[in-house]
Q: 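Attaching a single structure in structure tokens format; questions to follow.
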Amino acid sequence: MIVDVKGARMVSDVFIEMFDRLPRQGPGKNECTKKAFEILSELPERPHILDIGCGSGMQTLLLAQLSGGKVDALDLYRIFLDDLNERAMKKGISDNIRTCVGSMTDLPYEKDSFDLIWAEGSIYIMGFKEGVSYWKQFLKNKGYICVSEINWLKDNPSEKAISYWNNYPEVSMKTVEENKETISEIGFDCIDIFILPESAWWDYYHPLELRLEEMKKKYSENAEFNEFSKEIYEEMEIYKECSDDYGYVFYIMKKKE
Ligand SMILES: C[S@@+](CC[C@H](N)C(=O)[O-])C[C@H]1O[C@@H](n2cnc3c(N)ncnc32)[C@H](O)[C@@H]1O
């Protein structure tokens, strides 16, 4: 079991084996990280970046390489950060990345520290409005926040998608229009928005599916494994059927003066 910080969920051995050393922990794609980063036209030469809920850091590594700056990468679970540190060493960029076990709800950084705050697939844990509002104070004047967030893509999504996602713990899915209003209300300009392609979901689901297949041999009698894998397969089935109804959306926003 791992308990890293106050309030962190207990992490079981089964959970660790399921997610450890996977390429990423949520839907995403390097092309999309790069596309969002290239929209940021007014970053300083070597920006100071904070990557929140970084997981094993697929996007952290790319941000460090693209920006040539320093990236602080924070996650609640040490197992993911160990993986990120190893990957950074292998790429020869460990001097550009500093990892920290901590919570996005109680950031251990000084105010006005960062030129850019990044969060791929993690802001749903706090909620879009709550996350951006709280993180804003850690951003320098005219700094950027880039997040990817799960959203309804239609005004009338299917009943199946609604009943699944309305019962999913933590996720409170909004429409793109609702989030655009929120961005403006809390003192940001919305610079750009784009929807991640469906392949970004399968880049996450396929390795996870393979992992579940491998683990099935060893854990077929394990109640926790069976419960976790049932949830993951159900989520994948819903996505296969309802991918027009919802998706991940990248938001690129800039703090107003
Ligand atoms: C869906 S994953 C996304 C990971 C990574 N950004 C990616 O796209 O692959 C969400 C991440 O948020 C982390 N997380 C969960 N609760 C957190 C919290 N309170 N503070 C910081 N990180 C948290 C999880 O450990 C996980 O790595």
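Just follow the structure's listing: the first ligand is 1, and inside any ligand the first atom is 1.
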Q: F128 and Y251: aromatic ring centres closer than 6.0 Å?
A: yes

Q: Taking distance alone, with N or O pairs closer than 3.5 Å, would you say S122 contacts ligand 1?
A: no

Q: Hey, which atoms in ligand 1 end up nearer than 4.0 Å to a heavy atom of Y77?
A: 25 (O)

Q: Any side-chain donor paired with an acceptor under 3.5 Å for T33 and K35?
A: no

Q: Tell me which one of E120, M126, M58 gets a heavy atom nearest to atom 8 (O) of ligand 1.
A: E120

Q: If we only count N/O pairs under 3.5 Å, is S103 in contact with ligand 1?
A: yes

Q: Is ligand 1 less than 4.0 angstrom away from at least one heavy atom of G102?
A: yes

Q: Taking 4.0 angstrom as the limit and counting only heavy atoms of R24, give me the atoms of ligand 1 inside it, by number and element.
A: 9 (O)

Q: For ligand 1, which part of I125 has a heavy atom less than 4.0 Å away: the side chain, the backbone, both, or neither?
A: side chain

Q: As a check for students: among G26, G53, G121, P23, identify the option with a heavy atom nearest to atom 4 (C) of ligand 1.
A: G53

Q: For the residue pair N179 / E149, report whether a side-chain donor-acceptor contact shorter than 3.5 Å exists.
A: no

Q: The criterion is salt bridge (Lys or Arg N to Asp or Glu O under 4.0 Å); which residues satisfy it with K218, sequence neighbours excluded?
A: E17

Q: Would Q25 count as being in polar contact with ligand 1, using the rule that some N or O on each side must be under 3.5 angstrom apart?
A: yes

Q: Under a plain distance cut-off of 3.5 Å, with no hydrogens placed, do S243 and E198 share a side-chain donor-acceptor pair?
A: yes

Q: Counting heavy atoms only, which part of C54 comes closer than 4.0 Å to ligand 1: side chain, backbone, both or neither?
A: backbone

Q: For Q59, which part has a heavy atom under 4.0 Å from ligand 1: side chain, backbone, both, or neither?
A: side chain

Q: Do I49 and F114 have side-chain heavy atoms sitting under 4.5 Å apart?
A: no

Q: Say whether E120 and W118, considering side chains only, have a donor N or O and an acceptor N or O under 3.5 Å apart.
A: yes

Q: Taking both backbone and side-chain atoms of M104, is any N or O found less than 3.5 Å from an N or O belonging to ligand 1?
A: yes

Q: Going by the salt bridge (Lys or Arg N to Asp or Glu O under 4.0 Å) test, which pairs reach into residues 244-253, not counting sequence neighbours?
A: K154-D245

Q: Should the pair K255 and F188 be classed as cation-pi, given the thresholds of under 6.0 Å to the six-membered ring centre and 45° from the axis?
A: no

Q: Using a heavy-atom cut-off of under 4.0 Å, does the side chain or the backbone of F80 touch ligand 1, or both, or neither?
A: side chain

Q: Determine whether any heavy atom of G28 lies closer than 4.0 Å to an atom of ligand 1.
A: no

